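Below is one structure, written out as structure tokens, with a few remarks after it.
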Amino acid sequence: SLSSSNPPNQKRIADAGGVEGLIRAITTYPDVVGVNENACGALMNLSHQNATIRERIAYDAGVEAILASLKCHTDVVGVVENACGAIMNLSHDHAKNQKMITMAGGCESVLDALEKHVYESVVNKYGFGALWNLSYNHPSNRSRIGASGGVALALAAVQRHRHDVSIVENAIGALTSLSSEHDENQ
């Protein structure tokens, strides 16, 4: 990818209207799998370790577009992987985006994806990464995710994917965050 972990290319793409173009592609072609899979993947890569672009994506209705893509293509593993990855990156250390994602139904959408794709490695890696980030320093999301089965999903994933360290790490990270200062999830 031109943009993942490459700040100069992330900036070039964003400055050239890439964020807006990708969001527009999702909203213009909501039923086209390839457009949604690739646009969500590009937004995931653009938002990786780039707070400025994370804000820009959220400001330009990217959260809504990504979640619409996730809901429309819930059976398509590639779309689900990239949408969960984008939510993971957008919610990383960003309280405003956490709130925006939550208000748009993002916690529930990620949980639904994890329930539907329990054996898909990348969905689990990014999905639990998203839950970890969405619940980090966010008590109401801890309650929401815990009450919706997030704790049980994470515990099952640690066992089911015990040989995949990236899934185990993210699922345990989600459990750590979900149980932090939260008696109901402990």
Side-chain angles (χ1 to χ4, degrees), residues 1-117 120-136 138 141 144-145 148 170:
S1 156
L2 289 174
S3 60
S4 183
S5 299
N6 189 321
N9 280 348
Q10 287 172 322
K11 183 173 177 3
R12 285 183 194 100
I13 293 167
D15 289 348
V19 169
E20 298 82 0
L22 292 163
I23 294 166
R24 189 171 40 258
I26 292 171
T27 58
T28 302
Y29 302 103
D31 298 326
V32 180
V33 170
V35 169
N36 283 264
E37 181 175 352
N38 292 323
C40 286
L43 291 169
M44 172 180 62
N45 290 339
L46 284 169
S47 61
H48 181 71
Q49 298 180 345
N50 192 316
T52 302
I53 293 178
R54 285 196 299 262
E55 289 176 13
R56 190 169 181 173
I57 291 169
Y59 177 78
D60 288 338
V63 168
E64 295 84 353
I66 293 164
L67 290 175
S69 183
L70 180 58
K71 290 173 187 171
C72 182
H73 301 285
T74 188
D75 293 325
V76 182
V77 173
V79 175
V80 174
E81 289 173 354
N82 289 343
C84 285
I87 296 302
M88 176 182 69
N89 287 347
L90 289 170
S91 60
H92 177 75
D93 199 26
H94 201 290
K96 186 176 175 184
N97 284 358
Q98 285 176 321
K99 183 177 180 179
M100 187 179 293
I101 292 164
T102 302
M103 298 299 289
C107 293
E108 293 79 8
S109 292
V110 171
L111 286 163
D112 289 346
L114 287 166
E115 287 175 357
K116 185 169 217 138
H117 300 283
E120 295 295 338
S121 295
V122 180
V123 171
N124 276 260
K125 175 183 173 181
Y126 292 157
F128 286 111
L131 294 181
W132 184 1
N133 289 343
L134 286 166
S135 61
Y136 185 77
H138 203 293
N141 279 355
R144 170 182 258 120
I145 294 166
S148 297
N170 283 356

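These numbers were taken from a predicted model, which means no experiment stands behind them.
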With rounding to the nearest 0.5 angstrom, report the [atom1] to [atom2] distance, [X] to [Y].
X	Y	atom1	atom2	value
R56	T52	CZ	OG1	9.5 Å
Y136	H94	OH	NE2	15.0 Å
I87	I66	CD1	CD1	5.0 Å
I101	L67	CD1	CG	7.0 Å
E55	N97	CD	CG	7.0 Å

### Task
Could you walk me through whether I23 and E64 pass side chain to side chain contact (heavy atoms under 4.5 Å, CB included), step by step?
CA-CA 9 Å; I23 294 166; E64 295 84 353; over 6 Å; no
### Query
Within a reach of under 6.0 Å around NZ of K99, are more than 12 heavy atoms found that belong to other residues, nucleotides or ligands?
no
### Query
Got a sec: does the CZ of R24 have more than 12 other heavy atoms crowding it under 6.0 Å?
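For R24, atom CZ is not crowded (no more than 12 foreign heavy atoms under 6.0 Å).
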### Message
Under the rule for side chain to side chain contact (heavy atoms under 4.5 Å, CB included), what residues qualify as partners of E115, not counting sequence neighbours?
### Response
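Side chain to side chain contact (heavy atoms under 4.5 Å, CB included) check on E115 returns D112, L153.
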Please confirm whether the backbone N or O of [Y] pairs with a side-chain atom of [X], one donor and one acceptor, at under 3.5 Å?
X	Y	result
Q10	H48	yes
S148	I145	no
T74	K71	no

Closest contact, heavy atoms only, [X] versus [Y]:
X	Y	value
C84	A130	O-CB, 4.0 Å
N89	R54	O-CD, 2.7 Å
S47	I57	CB-CD1, 3.9 Å

Would you say [X] and [Y] make side-chain contact, with heavy atoms under 4.5 Å?
X	Y	value
R12	P8	yes
L114	V110	yes
L46	L22	yes
V80	E120	no

### Task
Run the salt-bridge test on R144 and E108 with the 4.0 Å N-O cut-off and return the result as yes or no.
yes
### Query
Which of these, N133, L134, I53, V63, sits in a side chain to side chain contact (heavy atoms under 4.5 Å, CB included) with L90?
V63
Mind listing the side-chain donor-acceptor pairs of residues 30-43 below 3.5 Å, one per line with the distance, residues two or more places apart or on another chain?
unit_1, atom_1, unit_2, atom_2, d
N36, OD1, S69, OG, 2.8
N36, ND2, Y29, O, 2.9
N36, ND2, P30, O, 3.3
N36, ND2, V32, O, 2.8
N38, ND2, G34, O, 3.0

### Task
Decide yes or no on salt bridge (charged side-chain N to carboxylate O under 4.0 Å, His left out) for K125 and E81, but give the supporting numbers first.
CA-CA 9 Å; K125 175 183 173 181; E81 289 173 354; over 6 Å; no
